[in-house]
Amino acid sequence: MNKERSQKLTPKNPRGRRKPLLVVISAPSGGGKTTICKKLIERHPDEMKISVSATTRRPRPGEVNGVDYFFISEPEFFERVRRGEFLEYERVHGNYYGTLRSTVEKLLAEGYTVLFDVDVNGALAIKKRFPEAVLIFIKPPSIEALKERLRARQTDDPEEIEKRLRRLPEEYAKSKEFDYIVVNNKLEDTLRQIESIIARHAEER
Ligand code: 5GP
């Protein structure tokens, strides 16, 4: 690990605790945001944690309950909605996804920078609730590149891919309300740009 990378992005304040920072990362499906979030956490394990959402979607091969998502049934999801357990929730590509209030509150109390991997509507809902949240939209270099990634991923069938692509116009329109748009050309460049955005916001507070 080089020196620059190992430097803390979010310095602790004099009382030894960091101020909570909320960083929301949204992208079209296949835009690479899951990899980006995982890499950020790998690079800053004692500073950042991801808010693990609950979903009614079935796990993809390799996904782990409690790590990638909390995989729950639709009746359980709506029972939790009724109990007010979600900060926000959305129907995306035919499944429900929700950000768990308790998870976020715990991470913020522990002084972590919390990363959210949510859709554009979820991002805007989080901004409403926490106006200081930093919203970053990850844009693929081109629509063609995005289609290629979705096909190469081989996790979704063609119909599923079409469903995901149909959402692009809405996602691009809403990205105008984000604080930053980062084009994901090369993963390393994208990570550095996001790290510098986080460092800048940590300084400002
Ligand atoms: P996937 O099924 O590919 O894991 O996720 C589909 C979409 O749902 C992605 O855009 C992802 O960011 C979004 N998503 C995941 N968790 C949440 C959540 O808790 N709330 C909202 N609004 N969107 C989410």
Side-chain angles (χ1 to χ4, degrees), residues 22-41 49-74 76-78 80-81 83-108 114-130 133-140 143 146-147 149-175 177-178 180-182 184 190 194:
L22 298 95
V23 180
V24 186
I25 299 189
S26 294
S29 193
K33 68 183 173 313
T34 307
T35 309
I36 291 168
C37 288
K38 283 195 175 146
K39 285 273 171 206
L40 284 171
I41 285 162
K49 295 268 187 211
I50 191 145
S51 152
V52 178
S53 297
T55 183
T56 62
R57 164 166 84 57
R58 267 187 274 155
R60 296 193 182 113
E63 284 185 329
V64 177
N65 189 32
V67 175
D68 298 286
Y69 284 106
F70 293 102
F71 295 99
I72 60 176
S73 66
E74 224 170 279
E76 181 178 352
F77 192 94
F78 281 99
R80 288 179 164 210
V81 170
R83 284 197 236 125
E85 289 186 25
F86 294 117
L87 270 180
E88 61 77 37
Y89 72 95
E90 275 296 323
R91 185 165 191 245
V92 189
H93 315 306
N95 298 299
Y96 291 94
Y97 298 82
T99 303
L100 289 158
R101 192 184 293 276
S102 56
T103 304
V104 177
E105 282 170 0
K106 179 169 174 282
L107 295 177
L108 290 177
V114 183
L115 298 185
F116 298 81
D117 169 350
V118 298
D119 87 310
V120 284
N121 294 320
L124 296 175
I126 290 170
K127 185 82 171 179
K128 241 190 200 163
R129 171 76 180 72
F130 300 99
V134 184
L135 268 48
I136 304 175
F137 187 80
I138 308 290
K139 213 172 164 178
I143 305 285
L146 182 70
K147 285 185 183 165
R149 280 186 57 126
L150 277 172
R151 287 189 200 116
R153 190 158 82 167
Q154 291 187 332
T155 45
D156 300 306
D157 58 37
E159 198 184 311
E160 188 63 28
I161 292 176
E162 277 312 309
K163 195 157 61 168
R164 283 162 187 262
L165 290 172
R166 273 201 296 275
R167 215 165 175 257
L168 272 182
E170 181 193 351
E171 291 174 328
Y172 277 29
K174 291 195 171 151
S175 72
E177 294 174 55
F178 277 53
Y180 299 92
I181 296 183
V182 174
N184 188 18
T190 304
I194 296 174

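Just so you know, ligand 1 is whichever comes first in the structure, and atom 1 is the first atom listed for that ligand.
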(request) Only heavy atoms count here, so choose which of Gly30, Ser53, Cys37 is nearest to atom 18 (C) of ligand 1. (result) Ser53
(request) Check the side chains of Glu88 and Thr99 for a donor-acceptor pair under 3.5 angstrom, ignoring hydrogens and angles. (result) yes
(message) Which of the numbered atoms in ligand 1 are under 4.0 angstrom from any heavy atom belonging to Gly122?
(response) 22 (N)
(message) Please check whether Tyr97 reaches ligand 1 - meaning an N/O of the residue sits under 3.5 Å from an N/O of the ligand, judged on distance alone.
(response) yes
(request) Report the nearest protein non-hydrogen atom to atom 20 (N) of ligand 1: residue, atom name, distance rounded to 0.1 Å. (result) Glu88 OE2, 2.7 Å
(request) Measure the distance from atom 7 (C) of ligand 1 to every protein heavy atom, then report the residue, atom name and distance (to 0.1 Å) of the closest one. (result) Val92 CG1, 3.7 Å
(request) Considering non-hydrogen atoms only, spot the tightest contact between Leu135 and Leu124 and give its length. (result) CD2-CD2, 3.8 Å
(message) Just to confirm my output: which protein heavy-atom neighbour is closest to atom 11 (C) of ligand 1, and how far is it?
(response) Asp117 OD1, 3.7 Å
(request) Establish, for the pair Lys127 and Phe178, whether the NZ or CZ atom is under 6.0 angstrom from the six-membered ring centre and no further than 45 degrees off its axis. (result) no
(request) Kindly identify the option in Arg91, Lys33, Arg60, Arg57 whose heavy atom sits closest to atom 3 (O) of ligand 1. (result) Arg60
(request) Decide whether an N or O pair under 3.5 Å exists between Gly98 and ligand 1. (result) yes
(message) Within the structure, is a non-hydrogen atom of Thr99 found at a distance of less than 4.0 Å from ligand 1?
(response) yes
(request) For Glu76, check salt bridge (Lys or Arg N to Asp or Glu O under 4.0 Å) against everything at least two apart and list the hits. (result) Arg80
(request) Measure the distances from the heavy atoms of Tyr69 to every atom of ligand 1 and state whether one is below 4.0 angstrom. (result) yes
(message) Any salt bridge linking Glu171 with Arg166? Criterion: basic side-chain nitrogen under 4.0 Å from a carboxylate oxygen.
(response) no
(request) Kindly give the heavy-atom pair with the smallest separation between Ser51 and Val114, and that separation in Å. (result) CB-CG1, 3.9 Å
(message) For ligand 1, which is the ligand I care about here, please tell me if Glu90 has any N or O atom under 3.5 Å from one of the ligand's N or O atoms.
(response) no
(request) Please work out whether any backbone atom (N, CA, C, O) or any side-chain heavy atom from C-beta onward of Asp119 is under 4.0 Å from ligand 1, and answer side chain, backbone, both or neither. (result) both
(message) Tell me the closest heavy-atom pair linking Ala123 and Val118, and the distance in Å.
(response) N-CG2, 3.5 Å
(request) Quick one: list whatever passes salt bridge (Lys or Arg N to Asp or Glu O under 4.0 Å) with Lys49, sequence neighbours left out. (result) none
